[in-house]
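Reading through the structure tokens given below for one structure.
Protein chains get the first letters and strands the later ones, always in sequence-line order, with residue 1 at the start of each.
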4 protein chains.
Amino acid sequence: MLAELAIDDLVLIAEARLALVVDPIESAAKALGETYDANWSLDPEDAFADRSIDAVVIGSPTNTHIDMLKRAVAADKKILLEKPIDLDLARIDAAWAQIRDRAPFVMLGFNRRFDPSFREVRERAARGEIGIVRALRITSRDPQPPPAAYLGGSGGMFKDMTIHDFDMARFQLGDIVEVQAMASDNGLDAFREARDHAQAVIVMRAASGALVTIVNSRSCAYGYDQRLEAFGDAGSLEAGNWTATTVRAASATRTEAAGPILNFFLERYMPAFRAELDEFVQAVKQDRAPAVGFADGRAALVLAEAASESVATGRAVRVA
Amino acid sequence: MLAELAIDDLVLIAEARLALVVDPIESAAKALGETYDANWSLDPEDAFADRSIDAVVIGSPTNTHIDMLKRAVAADKKILLEKPIDLDLARIDAAWAQIRDRAPFVMLGFNRRFDPSFREVRERAARGEIGIVRALRITSRDPQPPPAAYLGGSGGMFKDMTIHDFDMARFQLGDIVEVQAMASDNGLDAFREARDHAQAVIVMRAASGALVTIVNSRSCAYGYDQRLEAFGDAGSLEAGNWTATTVRAASATRTEAAGPILNFFLERYMPAFRAELDEFVQAVKQDRAPAVGFADGRAALVLAEAASESVATGRAVRVA
Amino acid sequence: MLAELAIDDLVLIAEARLALVVDPIESAAKALGETYDANWSLDPEDAFADRSIDAVVIGSPTNTHIDMLKRAVAADKKILLEKPIDLDLARIDAAWAQIRDRAPFVMLGFNRRFDPSFREVRERAARGEIGIVRALRITSRDPQPPPAAYLGGSGGMFKDMTIHDFDMARFQLGDIVEVQAMASDNGLDAFREARDHAQAVIVMRAASGALVTIVNSRSCAYGYDQRLEAFGDAGSLEAGNWTATTVRAASATRTEAAGPILNFFLERYMPAFRAELDEFVQAVKQDRAPAVGFADGRAALVLAEAASESVATGRAVRVA
Amino acid sequence: MLAELAIDDLVLIAEARLALVVDPIESAAKALGETYDANWSLDPEDAFADRSIDAVVIGSPTNTHIDMLKRAVAADKKILLEKPIDLDLARIDAAWAQIRDRAPFVMLGFNRRFDPSFREVRERAARGEIGIVRALRITSRDPQPPPAAYLGGSGGMFKDMTIHDFDMARFQLGDIVEVQAMASDNGLDAFREARDHAQAVIVMRAASGALVTIVNSRSCAYGYDQRLEAFGDAGSLEAGNWTATTVRAASATRTEAAGPILNFFLERYMPAFRAELDEFVQAVKQDRAPAVGFADGRAALVLAEAASESVATGRAVRVA
């Protein structure tokens with residue numbers, strides 16, 4: 001998904017040029033290449049081998065990420081990598097051990113860090129507007145669960161969906177030291193069979209002492225519910241949902257009714273995706289570290305594993 | 001109406017005691033008297049003649065107001081008089097000529113002056129929060145038109161309904177110097193036959209230079225729409241509608257839907273009615289002028305007549 | 001507190017009459033009695049011994065509740081008892097063993113069950129408006145912590161403050177089967193010394209399968225934050241905070257700014273207190289069980305103890 | 001302005017290609033041309049004479065519109081013309097008499113017709129959601145007045161600023177038959193000297209019977225206030241302002257405070273400008289009449305003149 005969006009936006013970002021589209025499906029590669037006046041190929045090696053290409057966006061299936069990452073690093077490319085890095089922490093650490101000596105430029109695709117509302121909360125909190133931040137509350141509900149087929153290979157709710165929320169907690173508060181979670185399959189076979197969750201609440205303690213609450217659901221009748229509340233000694237900052245228009249309706253039975261909230265991530269996080277790509281291009285051109293890196297991708301996965309352990313054991317889990 | 005409410009509340013206001021209920025309908029007088037442990041009578045003279053009674057609330061039909069007022073003044077009572085004083089300006093002026101030498105205590109029942117939200121707008125504007133006030137906007141829509149029978153004798157929308165809005169404009173901005181109005185019967189026979197309006201927009205210029213817009217409707221599907229906006233050089237203050245609870249609903253088709261707004265005036269303006277009676281009792285006890293007096297009742301009627309003239313002639317009308 | 005309010009309201013409820021005020025402080029007892037035209041006494045026995053008194057409201061300090069309760073039951077009074085019943089579950093069970101044979105009428109003072117917004121959420125959810133209820137979220141923040149002296153004897157945040165939220169969870173969802181909690185003293189000495197919490201997040205599983213999140217704080221810069229969200233398969237219902245007026249301000253730096261939220265419980269829950277007393281009086285007169293009884297008071301305390309245990313052990317606690 | 005935006009967007013609209021930029025200022029023409037990979041010129045004739053160019057966007061100063069329009073029509077171009085057509089109705093009619101035989105394609109730049117919120121109001125009203133539409137209310141306040149130098153040549157508030165609101169009234173309700181207006185210079189020299197208004201309220205009657213209220217101000221402390229309310233027998237639809245993010249702040253003195261509203265027209269109406277250009281391109285390609293044409297531009301000017309006359313005479317003005 002991000003790869004597709006990236007193409008659309010790289011074309012728009014004046015300082016970057018889309019050189020090559022790689023997709024194993026020929027018709028897709030060709031169509032995109034032609035639309036954006038770029039070359040196309042079925043083989044990622046064509047990108048890695050091309051000296052004129054500075055940077056690559058990796059949006060391939062999760063289980064290919066580490067392979068792609070290693071090859072891109074070996075080819076000295078700068079990399080924007082879709083989350084999660086991988087579903088297995090040991091593999092992630094092994095990969096890092098192999099590539100770290102090259103001090104690779106790896107930016108992780110945590111698009112929500114670039115959402116203007118969530119950024120504003122962070123910036124205003126950082127300026128002290130709400131005093132010491134004591135609590136963070138993240139509401140994150142997908143409109144519909146993915147297909148059952150996807151569920152099995154997704155790594156589970158925590159690694160697939162909550163991963164964004166774990167990163168958001170770290171983005172707002174920094175390191176997390178303790179994780180507690182409760183989950184439910186809502187009595188639905190699809191989740192039970194995939195040993196996955198239909199909903200969960202994760203509570204975490206930040207190193208700062210602040211408490212984080214993440215409320216997740218795999219389905220939400222009214223759309224893609226994405227909210228954030230930072231609560232501090234001097235007040236609070238809440239980022240709410242977006243609607244497509246500002247229209248409010250009144251009738252004999254209700255007043256001030258807004259329309260549906262933006263749904264799904266392409267609509268809701270479009271400004272975030274644009275800002276993310278802009279950060280990637282700027283960091284590449286300025287040859288500086290990107291705003292969100294490999295270590296952030298790993299840290300979010302650590303929290304996902306801790307949450308899974310807490311659900312399994314009923315215990316709070318300390319995080320190193 | 002106000003009389004009935006007054007009874008309920010006079011009982012509650014520790015510093016006043018309900019002595020006598022007067023109602024020409026015996027069953028009504030008796031029931032109220034017994035409920036509130038007060039005497040009851042069919043004849044207002046019993047109230048006027050009773051030396052132990054300090055103050056009276058006159059909530060009789062409009063066409064009896066002036067007679068009641070004169071008799072109450074003659075009996076040296078302090079008076080809370082329901083609006084409008086009368087439908088005829090000449091009669092009002094004649095009545096005042098008769099009673100003014102006694103410097104009577106006459107408070108007018110413009111309950112909305114006591115609404116906490118409208119008062120807050122006035123007080124914050126007076127403290128300079130929004131700079132020079134340039135414009136005022138009043139939205140005032142009744143949920144349903146009165147019965148056709150009532151329409152004929154009501155004196156028309158401007159004297160019967162907009163009268164409150166004219167007073168609100170004066171409460172917020174002081175004197176009005178020019179009135180312009182456009183109205184419509186919405187093509188409905190009931191209004192056409194009563195030579196009355198189903199809706200109107202009145203635009204006025206205050207002596208301060210501020211412009212006032214009053215938007216009226218005799219019906220409103222979503223209830224009793226009562227809003228106010230003060231707009232000044234440094235910002236605005238808007239008083240919105242009240243709902244019975246704070247519940248907001250989201251579903252597949254809408255989000256943030258609030259419930260119906262409070263409806264009708266008893267519910268919507270209950271705190272205002274209480275505060276109004278409290279002001280009446282306090283002014284009586286402190287032997288001082290009430291917050292809103294006879295001249296205010298007259299001034300609102302002058303604006304109502306100017307609005308009618310503007311509708312009839314299509315001209316802006318200067319007010320002395 | 002409730003006792004004081006009760007007096008004010010019992011006077012208003014036409015069907016009940018305040019017979020006797022009991023307070024160990026003579027001046028207080030006398031003042032209240034005179035204000036409300038009732039007898040007064042320093043000794044609760046005067047209430048219990050008076051055959052003409054049908055019902056009593058017990059609002060004495062928590063550690064006297066059980067003694068008062070037993071004496072009131074022995075005297076065949078119907079009882080409205082302030083929460084919590086006691087801080088010790090064993091004492092509660094022992095007391096119940098002693099009185100249960102008399103099938104006493106004991107209503108618990110969980111005023112929030114009578115809040116119109118929270119009731120509306122429950123009723124609309126019960127009517128199926130949001131489908132199967134999957135999650136409940138309670139936000140409950142006090143404006144300021146109680147004095148340090150009070151903290152020590154309060155039984156701790158869970159028994160003193162969260163007790164209302166435990167009951168609200170049961171009111172909305174029924175029985176709770178699992179409790180998990182994380183808490184923090186926010187690094188403040190007052191809480192550390194009292195071995196109490198400045199904030200906590202409690203996550204619970206209802207027998208229905210729904211997950212409950214309670215977010216608590218002992219202080220809140222913007223007032224008494226009391227919100228509720230019910231989330232179901234077909235939508236959500238959120239009950240928000242109340243402000244004193246509907247005024248919204250716009251200026252060069254902000255728009256739609258509402259005023260402070262109602263603060264503190266007397267203001268915020270006044271309609272709830274009135275409705276609670278009304279239910280008490282009606283249940284007494286109709287000789288039927290009250291809406292919330294002794295077992296509800298006990299159940300909330302069980303949850304408080306489970307939450308404390310979870311904080312102490314870091315484990316989720318099963319509740320019988 | 002529109003011309004500049006058009007360039008940016010024409011590049012984006014896949015089905016159109018920017019061929020030529022014309023600007024009398026060489027540096028501007030060159031810079032834009034190079035940025036967008038288009039030719040550039042100082043002379044509009046180069047556009048008109050180029051047979052390969054299908055359509056032109058005219059965003060030159062108002063007093064050159066008619067000349068440009070005639071030349072473009074003579075050259076058989078399809079035209080998007082910025083509003084107003086001209087400040088003088090006689091000149092407009094004379095121009096039309098000259099060009100009408102060619103049945104020219106002229107789309108008027110009333111961008112607000114393409115605002116998603118205002119369109120939604122119109123569409124939902126058209127579907128009958130609020131019953132018969134009885135009233136329309138437009139709030140339209142600019143953040144700051146234009147420079148004094150501009151004021152003089154602008155044609156005045158009604159032709160320069162309210163022209164959009166007149167068109168919006170027609171967009172929502174169709175033909176207007178009566179206009180009444182009251183205005184004020186707010187006692188400010190800049191407006192007095194330009195014989196212009198700092199604020200105005202315009203009330204109009206639509207042929208349908210609905211009443212329209214337009215509230216205008218040349219300055220607004222909290223930004224670019226652009227709202228719309230349609231009120232009908234079955235309810236209302238209100239389109240509110242946009243803020244840059246969804247963040248709401250609470251502190252000891254206020255709650256739910258949103259940020260500043262989008263400001264100015266480029267930000268606020270960006271989606272509208274895009275949709276407007278899209279409609280232009282589609283209509284050109286499909287060789288059909290555009291959504292808003294020459295007659296709409298003329299009709300808005302007729303209303304502006306009627307409003308001026310009403311302010312000058314204090315009379316309601318009938319519109320043919």
Would you please test B/Asp167 and B/Arg112 for salt bridge (charged side-chain N to carboxylate O under 4.0 Å, His left out) and show each step?
-> CA-CA 9 Å; B/Asp167 185 63; B/Arg112 296 183 196 172; over 6 Å; no
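- In this structure, chain C has a heavy atom under 4.5 Å from the side chain of B/Glu129, while its backbone stays farther away.
- Separation of atoms CZ (B/Phe265) and CG (B/Asp142) is listed at 8.5 Å; rounding is to 0.5 Å.
- Ion pairing of C/Glu123 with C/Arg127 is absent here, as no side-chain N (NZ or NE/NH1/NH2) approaches a carboxylate O to less than 4.0 Å.
- Looking at B/Asp296 and B/Arg113, a side-chain N of the basic residue comes within less than 4.0 Å of a carboxylate O on the acidic one, giving a salt bridge.
- The side-chain tip of C/Arg122 points at the ring of C/Phe171 from less than 6.0 angstrom away and within 45° of straight on.
- Without hydrogens or angle criteria, B/Asp115 side chain to B/Ser117 main chain gives a donor-acceptor distance under 3.5 Å.
- By a heavy-atom distance cut of under 4.5 Å, not one residue of residues 206-227 of chain B is near chain C.
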Determine, stepwise, if the pair B/Leu42 / B/Asp23 fulfils side-chain contact (heavy atoms from CB on, under 4.5 Å).
-> CA-CA 5 Å; B/Leu42 307 186; B/Asp23 196 312; 5.9 Å; no
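- Of the possible donor and acceptor atoms, one in the side chain of C/Gln172 sits under 3.5 Å from a partner among the backbone N and O of C/Phe118.
- Salt bridge C/Asp175/C/Arg170: present, at least one basic N to carboxylate O contact under 4.0 Å.
- In this structure, B/Glu279 contributes its side chain and B/Glu276 its backbone to no donor-acceptor pair below 3.5 Å.
- For residues 237-263 of chain B, the interface with chain C (any heavy-atom pair closer than 4.5 Å) comprises B/Leu237, B/Glu238, B/Ala239, B/Gly240, B/Asn241, B/Trp242, B/Thr243, B/Ala244, B/Thr245, B/Thr246, B/Val247, B/Arg248, B/Ala249, B/Ala250, B/Ser251, B/Ala252, sorted by residue number.
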